[in-house]
Amino acid sequence: SNVIVLAATNRADVLDKALMRAGRFDRQIFVDLPDIRERAEIFAVHLAPIKKVEGLDLDFLAKQTPGFSGADIANVCNEAALIAARNNKTAVDRQDFLDAVDRIIGGLEKKNKELEVNEIIEKLDKKEMQFKTLFNNLSEFVFVIQDNKIIHTNLKVMEQTGYNESLKGLELEGLVHDEDISKLKLMLDSRLINELDNPKIPFRFKKNDGEFIWVEASAVHLLWDDKPSILMFLSDITNRRVTEDKLSYICYHDQLTGLFNRRFFEEELKRVDTLRNYPIAIIMIDVNGLKLINDAFGHASGDELINTVSD
């Protein structure tokens, strides 16, 4: 207890947030760069061990170094001494300091530019890796299409459909069931895609082994490598489609015989009940003695009779 830990940094922007939590380095004091008076005092400290000409104006030096930190000023003093030594001078004069400032500023600008470029490249690389990870881990199949040909896909496509890199360069139409190609063309037409009531279109997609799966597609028209392209997302809805077909069959078919039931009959009657379909004929079949068979031999025998008649 009663211990205070102090730390200093000139890159507070890259500190781990965990360091700044309560109980850690949760108090921050911003120390601004020295002003002109403080720079003059710093020059006096660093020039003390250096042999310099008489009457060197420290205020002048302070005016020549706006935005310099204490470390920068120390660097200027050392650089001025080196310049004077190279020129065989016995003392450091004003011109040596001016040359040192120019050298420091030029070096700092170059260093800062290099750091800035490196940081930009590092951020771009990081973003590229993030987008690649996101792209390849989407649950949908993703295709980039140019001129009706596939130019790029995510890993999900290859994992779930069995295709490999050979998929690139193929026309998407060749991977769609013949009965669904018209739906695909509708989606690929940039003039019509925005007019669709439902931008998601279901169709059958062919896997590498020839099996078809049901997918639901949505598309976005954009520029890829400065060329008009289509970014298409496919969601596998095979299980949903199978369930929907089963439910639809149950709703419109008799459970015993498999024939269409009354619900189908009523809806179909509404559909065909138009003047152009008149006259409409309805054929009805009645099984005689069904109740007697049920009572005498049981409902299993009655069901067997119904199946025989339905066949």
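Computed from a prediction, not measured in an experiment: that's the story for all the values here. As a basis for the values below, the full set of heavy atoms in this structure was taken, side chains included, without hydrogen atoms, waters or symmetry mates.
Side-chain heavy atoms closer than 4.5 Å link hydrophobic residues (I, L, V, M, F, W, Y) into clusters, and following such links, possibly through other members, connects Leu170 to Leu172. The cluster map of Ile, Leu, Val, Met, Phe, Trp and Tyr, joined by side-chain heavy atoms under 4.5 Å apart, puts Phe25 and Val3 in the same cluster. In the hydrophobic cluster analysis, where Ile, Leu, Val, Met, Phe, Trp and Tyr join through side-chain heavy atoms closer than 4.5 angstrom, Met232 is grouped apart from Ile237. Leu222 and Ile151 end up in the same hydrophobic cluster when Ile, Leu, Val, Met, Phe, Trp and Tyr side chains are linked at under 4.5 Å. Side-chain heavy atoms closer than 4.5 Å link hydrophobic residues (I, L, V, M, F, W, Y) into clusters, and following such links, possibly through other members, connects Trp224 to Phe233.
Within the 3.5 Å criterion, the main-chain N or O of Lys149 finds no donor-acceptor partner in the side chain of Asp147. Using a distance-only test at 3.5 Å, with no hydrogens or angles considered, a donor-acceptor pair links the side chain of Asp209 to the main chain of Glu211. At least one donor-acceptor pair under 3.5 Å links the side chain of Asn277 to the backbone N or O of Val272. Between the side chain of Arg204 and the backbone N or O of Asp180 there is no donor-acceptor pair closer than 3.5 Å. Side-chain N or O atoms of Arg39 include one that pairs as donor or acceptor with a backbone N or O of Pro34 at under 3.5 Å. Side-chain atoms of Thr243 come within 3.5 Å of backbone N or O of Asn239 as a donor-acceptor pair.
Taking every heavy atom of both residues into account, Cys77 and Ile50 meet most closely at O-CD1, 3.7 Å. The minimum heavy-atom distance linking Leu234 with Ala217 is given by the pair CD2-CB, 3.2 Å. The two atoms that bring Ala100 and Ala80 nearest to each other are CB-N, 3.6 Å, heavy atoms only. What you find for Gly67 and Asp72 is that their closest heavy atoms are O-OD2, 4.5 Å. Minimum heavy-atom separation, Leu19 to Arg24: O-CB, 3.3 Å. Among all heavy-atom pairs drawn from Gly70 and His46, the shortest one is O-NE2, 3.9 Å.
With a 4.5 Å cut-off on side-chain heavy atoms, Thr161 and Leu175 do not count as touching. In this structure, the side chains of Arg241 and Asp245 come closer than 4.5 Å at one or more pairs of heavy atoms. Side-chain contact between Thr65 and Phe43 is present, with at least one heavy-atom pair separated by less than 4.5 Å. Considering only heavy atoms from C-beta on, Phe97 comes within 4.5 Å of Leu47 through its side chain. For the pair Thr238 and Phe212, the minimum side-chain heavy-atom distance is 4.5 Å or more. Counting only heavy atoms from C-beta outward, the side chains of Leu33 and Phe68 never approach each other to under 4.5 Å. No side-chain heavy atom of Ser229 sits under 4.5 Å from any side-chain heavy atom of Ile145. Residues His152 and Lys168 have side chains in contact (heavy-atom distance under 4.5 Å, counting atoms from C-beta outward).
Ion pair Lys270/Glu266 not flagged as a salt bridge, since none of the NZ, NE, NH1 or NH2 atoms sits closer than 4.0 Å to an Asp/Glu carboxylate oxygen. Taking a cutoff of 4.0 Å between a charged side-chain nitrogen and a carboxylate oxygen, Glu122 and Lys126 do not qualify as a salt bridge.
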What donor-acceptor contacts under 3.5 angstrom involve side-chain atoms of residues 54-63, with partners at least two apart or in another chain?
| from | atom 1 | to | atom 2 | distance (Å) |
| --- | --- | --- | --- | --- |
| Asp57 | OD1 | Asp59 | N | 3.0 |
| Asp57 | OD1 | Phe60 | N | 3.4 |

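Considering OG1 of Thr153 and CG of Leu155, their distance stands at 7.5 Å, rounded to 0.5 Å. Interatomic distance, CZ of Phe264 versus NE2 of His253, reported as 7.5 Å (0.5 Å rounding). Here the CD-OG distance, from Glu140 to Ser235, works out to 4.5 Å after rounding to the nearest 0.5 Å. Thr133 OG1 to Glu128 CD: the interatomic distance, rounded to the nearest 0.5 Å, is 10.0 Å. Within the model, atoms CD of Gln146 and CD1 of Ile230 stand 10.0 Å from one another, a figure rounded to the nearest 0.5 Å. Taken to the nearest 0.5 Å, the NZ atom of Lys51 stands 14.0 Å off from the NZ atom of Lys89.
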**Asked** Going through the distances and angles, do Asp273 and Tyr278 end up as a side-chain contact (heavy atoms from CB on, under 4.5 Å)?
**Response** CA-CA 8 Å; Asp273 188 13; Tyr278 288 168; 2.5 Å; yes
**Item:** Stepwise salt bridge (Lys or Arg N to Asp or Glu O under 4.0 Å) check, Glu267 with Arg271
**Value:** CA-CA 6 Å; Glu267 293 189 9; Arg271 186 183 68 83; over 6 Å; no
**Request:** Give the C-alpha distance, both sets of side-chain angles, the deciding distance and a yes or no for side-chain contact (heavy atoms from CB on, under 4.5 Å) between Trp214 and Val242.
**Result:** CA-CA 9 Å; Trp214 277 100; Val242 170; over 6 Å; no
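Within 6.0 Å of CZ on Arg86 lie more than 12 heavy atoms contributed by other residues, nucleotides or ligands. In the displayed structure, Lys206 atom NZ is contacted under 6.0 Å by at most 12 heavy atoms of other residues, nucleotides or ligands.
Residue Leu6 belongs to a hydrophobic cluster whose other members are Ile4, with links defined by side-chain heavy atoms closer than 4.5 Å.
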